[in-house]
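What's counted below: heavy atoms across the whole structure, side chains too, no hydrogens, waters or symmetry copies.
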Amino acid sequence: MLHIRPVVPEIIVFAMACVILLADLFWKRRFKGLMYGLTQATLIAASVTAYGLRDPRARVVLHGMVVQDRLSTILQIAIFALTAIVLAYSRTYIVERGVFRSEFFVLALTGVVGMCVMVSAAHFLSLYLGLELLSLSLYALIALQRDSIPATEAAMKYFVLGALSSGLLLYGLSMLYGATGSLEITRVATALAALPRHDLVATLGLVFVLSGLAFKLGVVPFHMWVPDVYEGAPTAVTLYVGAAPKIAAFALFLRLLVEGLHGLSGAWQEMLVLLAFLSMAVGNIVAIAQTNLKRMLAYSAIAHMGFVLLGLLSARVSGYADALFYALVYAFMTLGAFGIIILLSRKGFEAERLEDLRGLYQRSPWYAWMMLLFMFSMAGVPPTIGFYAKFAVIEAAVSAGFYGLAVAAVLFSVIGAFYYLRIVKLMFFDAPVDAGPLRQGRDLRWLLSLNGIAMLLTTPWAGTLIAICRSAVRGLP
Amino acid sequence: MTSALALYTAIPLVCLAGSLIAGFFGRILGTVWTHRIVILGIAIAFALSAVYALPRTMAGHDLDATVYLWGRAGGLPLTVGFLIDPLTALMMVVVTFVSLMVHIYTIGYMRGDPGYQRFFSYIALFTFAMLMLVMANNFLQLFFGWEGVGLVSYLLIGFWYTRESAIFASLKAFLVNRLGDFGFILGIAAIYTVFHSLDYATVFAHVDAARHARLAIIGGTSWHMLTVICILLFIGAMGKSAQMPLHVWLPDSMEGPTPISALIHAATMVTAGIFMVARMSPLFEQSPVARSVVLVVGASTAFFMALLGMVQTDIKRVIAYSTLSQLGYMTVALGASAYAAAIFHLVTHAFFKALLFLAAGSVIIALHHEQDLRKMGGLRRYMPITFAATWVGSLALAGIPPFAGFFSKDAIIDAVSYSTLPGAEYAFAAVLAGVFVTAFYTFRMLFLAFYGEPRMDAHTRHNLHESPWVVTLPLVLLAIPSVLAGMVLIRPLLFGHFFRGALYVRAADNPLTRMASHYHGVLAFIGTAFVSAPLYLALAGIATAWYLYIYRPELPARITHHLHGFYTVLRAGYGFDAVYLDGIAASARAAGRFLWRVGDVQLIDGAIVNGTARLVGRIAAWGRRLQSGYIYHYAFAIILGLFVLMTFFLHRG
């Protein structure tokens with residue numbers, strides 16, 4: 001019994017997903033909000049459990065499949081929290097669009113299980129299993145509005161490209177298996193250390209694995225799906241896709257590259273330099289040309305993932321902590337930005353274009369200020385928390401000696417500031433096109449305000465938060 | 001924190017609290033509660049200064065302590081700390097007393113002004129900044145207070161911000177002060193390079209060691225570091241204390257409300273420079289060159305600014321030029337190493353100049369904000385208290401015994417006669433001649449305003465009456481020290497041991513010790529005045545003023561006509577304004593316009609900023625086209641990326 005303790009949160013979530021599916025059969029008509037309530041309760045229970053079962057020592061269980069350490073605990077709790085917020089933000093939205101169905105919640109929960117498995121994977125197979133569970137849930141979620149042509153198209157594209165990238169990842173994993181003779185991450189690491197420095201098979205395997213991972217994180221040149229999916233999917237789903245899965249994909253980098261392939265760090269560092277540079281460049285520059293808010297945020301996501309890589313590629317523990325901090329901060333910033341889109345949308349109207357933000361200050365000064373905080377945080381304007389995140393990863397790159405890349409990162413964040421500030425300009429200085437009042441649920445309003453204020457008020461504790469991230473990655477090589 | 005330190009800390013903080021309350025909650029509190037709270041705060045500060053700080057330091061309990069460590073910058077601790085010695089305590093009493101009088105007076109003067117609460121907030125803030133300045137125990141805090149008073153002065157000169165002239169004057173004051181501050185902060189930086197510390201105590205303790213430090217200036221010559229430091233610091237003092245040629249802001253500052261002219265531009269802020277030089281006496285004593293500069297600048301200011309006072313027609317401007325001239329006297333005393341005499345004059349001047357300003361303000365209130373002397377006259381019948389107060393202030397300013405100004409001014413003239421520095425003869429002649437001019441313009445103002453036929457329009461004359469008690473009470477309270485301060489203070493300040501170690505003078509050239517050998521009490525001091533030139537010069541000045549403005553009032557116009565060229569030069573203030581405005585400011589504006597139109601608009605904005613933006617925009621549009629929407633393009637990009645990574649590493653490996 002003891003050895004399943006670490007996976008109890010996953011079991012809870014998965015079991016509840018089944019319960020909800022069944023309950024839907026019988027009580028669908030009688031209790032409208034039941035499924036939603038059950039889902040939120042599940043997420044809360046799972047995070048409480050994960051917190052209660054925390055263990056400072058790393059424990060590998062289930063025949064070397066799953067590891068429980070501080071990193072997995074922190075990331076799981078973050079995933080539960082992010083998903084819970086996503087669902088709260090989306091509640092009204094999905095009710096109005098007729099997708100307030102148990103499928104939505106079940107798929108969201110199975111995705112959560114997939115992510116949890118990813119962040120605590122100790123084995124190539126469990127890692128792949130988690131990844132596929134998440135990906136399949138995402139495909140289905142995006143296509144949930146079956147009548148929507150853009151959504152179906154986005155799901156189709158994501159599915160095909162996702163299959164391709166999964167193939168690349170699997171192929172890379174099989175090569176690594178060939179080179180090291182093991183699928184367990186720790187054993188792969190030890191076997192790699194014994195190999196010659198430039199072992200051809202291992203390096204090739206690394207390239208394929210990295211390509212697969214880069215696709216999941218959405219960095220250039222494996223990013224093409226991101227804008228189309230962000231734009232095509234219903235905003236509630238975009239919110240889901242944009243927040244927690246980024247954390248999980250980031251965890252894959254830590255588990256695979258850092259834990260497993262640390263012996264090849266010289267090689268992957270240079271690959272990541274290339275990917276980070278391209279992501280920051282393409283993400284920030286192409287975002288300027290966008291007129292669709294969701295698309296713009298998609299490119300912004302690409303750019304931000306480039307910044308996350310900046311911390312990773314230092315190949316130092318402090319750099320991993322900075323990258324982790326950045327990824328978490330980013331997830332909450334992006335939640336807020338999409339939250340504002342949801343706030344502005346209503347039945348039959350999607351506030352997707354930049355124009356829709358015009359004159360928000362006159363319609364609702366408070367939420368204009370909130371959006372300003374999200375935008376400032378994304379642009380990295382002090383004293384928002386986003387500034388500290390950006391500062392930390394750039395500092396990590398500098399301390400690892402990547403001066404040129406750090407300079408490029410600063411320049412690209414300056415370019416990026418343009419499109420964030422353009423939104424501020426639209427909100428504060430332009431006349432509103434759509435003057436209707438904002439009608440949304442109280443939960444969304446409160447959470448969104450909290451989310452926005454957090455961008456500012458967490459700043460004094462940035463040091464503490466980074467210290468927590470540091471403790472999470474302490475065990476990494 | 002000891003209880004002494006806590007009490008000292010409370011003194012500036014009650015003023016700050018008053019300012020913040022008036023500023024942020026003034027609207028809620030209303031006018032009456034605002035001025036009650038602020039005045040209570042200032043009164044507490046005054047009471048603590050007079051009843052606690054002054055007796056304590058006089059009893060020999062100096063204090064030099066750090067209150068708060070604000071931060072560290074590269075090994076340099078940035079602290080807030082207080083040095084309370086007799087010099088500081090005296091300044092605190094003067095500042096808080098004049099400030100308290102001005103606060104009370106303001107109730108009457110600013111009644112009905114829409115910015116009533118804002119005004120109280122500013123003057124309380126000013127008192128806070130001035131206290132921080134005089135109480136500082138390090139250069140950084142000195143600079144903080146220095147800039148603080150500068151800022152509040154700017155805010156107050158431009159208090160009536162809808163007036164074009166007020167905005168102009170406030171900007172001018174600010175810019176000219178910046179010029180001085182530039183020298184001041186360079187001086188502080190030089191001190192840090194030499195002494196590696198910004199604490200007074202540390203700096204003064206190592207002055208001897210630094211005496212031979214030299215600084216190479218362009219062209220192979222080298223200067224004594226201490227001379228450079230002192231001159232730089234003095235440039236700061238020239239800005240704040242309005243010495244030639246940085247004096248141009250002070251007459252214009254009369255655009256501010258009159259209480260401010262009394263508080264800031266006569267009694268306190270402008271004396272910051274004098275105070276600072278006195279505080280730095282251990283440095284200045286090491287540099288005869290710097291003191292010589294101080295002497296000449298002060299003497300020129302004392303005489304030439306007094307001349308300008310003779311031709312002004314605005315009652316406040318007369319007093320403003322007189323302030324400039326009196327500040328010149330103080331500066332001369334500093335140059336002659338008679339620091340105590342400078343501070344003595346600073347104190348007496350603070351009282352009688354504030355008195356004169358407030359009296360002028362009382363006249364202005366009575367005449368419904370008319371300031372032109374040519375439209376006054378005969379006011380003595382209508383405003384007896386103001387009239388008497390002006391008499392007291394004028395006698396003190398002219399230096400007639402036994403009024404306060406006589407003692408301090410006579411001491412300065414005496415001290416200069418002992419000085420052997422280069423330029424001392426010139427300085428002596430200037431201050432002596434200044435006595436005549438001072439008496440003349442002072443009584444010209446008095447006679448024009450209060451004697452003769454009333455020249456205002458009938459409606460104004462009909463409604464003339466004495467000002468309310470909140471205005472006349474400060475006049476009376478200020479008149480008392482204007483009479484007595486000289487007699488009471490001369491012994492302890494000049495010849496006693498009041499300052500002890502606070503002011504440092506090298507024994508060899510201490511003019512005050514030489515004067516002390518001739519000093520035999522107040523009456524004897526007055527007696528000697530009757531056998532020396534200054535008193536007769538002053539009386540001659542008064543007599544001339546009487547002759548020209550009461551006995552034969554048609555004469556001035558004829559004199560003006562005959563001396564037309566001289567008169568024009570004086571009216572134009574020697575052309576300083578013209579040079580600054582049409583020369584320096586105009587060419588700076590032209591350069592600015594050029595840089596704006598060509599450099600900024602065309603080069604930076606046009607080519608660099610917008611050019612880059614256009615380039616980025618074009619790249620973005622191009623990059624956007626890559627996103628074709630076709631799934632096989634996307635897959636191709638992935639495969640391409642894979643191959644790039646692969647070939648890159650296989651090739652390298």
Side-chain angles (χ1 to χ4, degrees), chain A residues 153 156-161 163-165 168 171-172 197-200 202-204 206-208 210-212 214-215 219-228 231-232 264 266-268 270-272 274-275 278 281-291 295 298-299 411-412 414-415 418-419, chain B residues 20 24 27-28 68-75 77-78 80 599-653:
Chain A
E153 185 191 328
M156 200 62 206
K157 279 179 184 167
Y158 191 27
F159 175 65
V160 172
L161 295 173
L164 178 64
S165 79
L168 294 178
Y171 191 43
R197 245 176 75 75
H198 292 295
D199 184 78
L200 187 64
T203 313
L204 265 182
L206 169 69
V207 171
F208 277 93
L210 191 64
S211 305
F215 176 86
V219 292
V220 181
F222 309 100
H223 68 289
M224 300 290 240
W225 62 275
V226 180
D228 289 12
E231 188 189 353
L264 298 172
W268 58 253
E270 292 188 29
M271 295 185 203
L272 289 185
L274 190 67
L275 296 184
L278 286 175
V282 171
N284 279 319
I285 291 177
V286 181
I288 290 174
Q290 304 305 321
T291 52
R295 252 187 124 73
Y299 281 102
L411 288 180
F412 286 127
V414 170
I415 292 177
F418 168 77
Y419 59 85
Chain B
L20 294 178
F24 288 114
R27 265 172 210 284
I28 306 167
Y68 174 62
L69 178 71
W70 179 48
R72 269 175 198 285
L78 314 174
V80 178
D600 206 48
V601 174
Q602 287 181 14
L603 269 177
I604 296 177
D605 271 3
I608 301 175
V609 175
N610 289 336
T612 320
R614 262 198 300 277
L615 185 71
V616 170
R618 232 168 263 164
I619 297 174
W622 176 76
R624 191 185 177 192
R625 227 170 296 140
L626 281 185
Q627 191 81 19
S628 59
Y630 294 120
I631 202 161
Y632 50 89
H633 283 169
Y634 294 6
F636 180 67
I638 291 176
I639 301 299
L640 200 67
L642 179 72
F643 273 102
V644 167
L645 288 182
M646 214 160 18
T647 41
F648 184 49
F649 285 97
L650 293 185
H651 192 64
R652 222 186 40 111

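The aromatic rings of A:Tyr171 and A:Phe208 sit perpendicular to each other, their planes meeting at more than 60°, with 30° as the lower class boundary. Using cut-offs of 30° and 60° for the angle between ring planes, the B:Tyr630 and B:His633 rings count as perpendicular.
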Yes or no on side-chain contact (heavy atoms from CB on, under 4.5 Å) for A:Val207 and A:Met271, after CA distance, side-chain angles and deciding distance? CA-CA 8 Å; A:Val207 171; A:Met271 295 185 203; 3.5 Å; yes
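Atom CZ of A:Phe159 has 12 or fewer neighbouring heavy atoms from other residues, nucleotides or ligands inside a 6.0 Å radius.
The choice from B:Leu642, B:Thr612, B:Val616, B:Ile639 that makes the most heavy-atom pairs within less than 4.5 Å of chain A is B:Leu642. Here A:Val286 is the residue among A:Val286, A:Leu204, A:Ile288 with the most heavy-atom pairs under 4.5 Å with chain B. Between chain A and the options B:Ala620, B:Gly617, B:Gly629, the largest number of non-hydrogen pairs under 4.5 Å is found for B:Ala620. The candidate with the highest count of non-hydrogen atom pairs below 4.5 Å against chain B, out of A:Thr203, A:Leu161, A:Ile415, is A:Leu161.
Neither the backbone nor the side chain of A:Val282 comes within contact range of chain B, judged by heavy atoms closer than 4.5 Å. If you measure heavy-atom distances from A:Leu278 to chain B, you find no contacts under 4.5 Å at all.
Inter-residue side-chain proximity for A:Phe418 and A:Asn284 is flagged as unmet; no heavy-atom pair is nearer than 4.5 Å.
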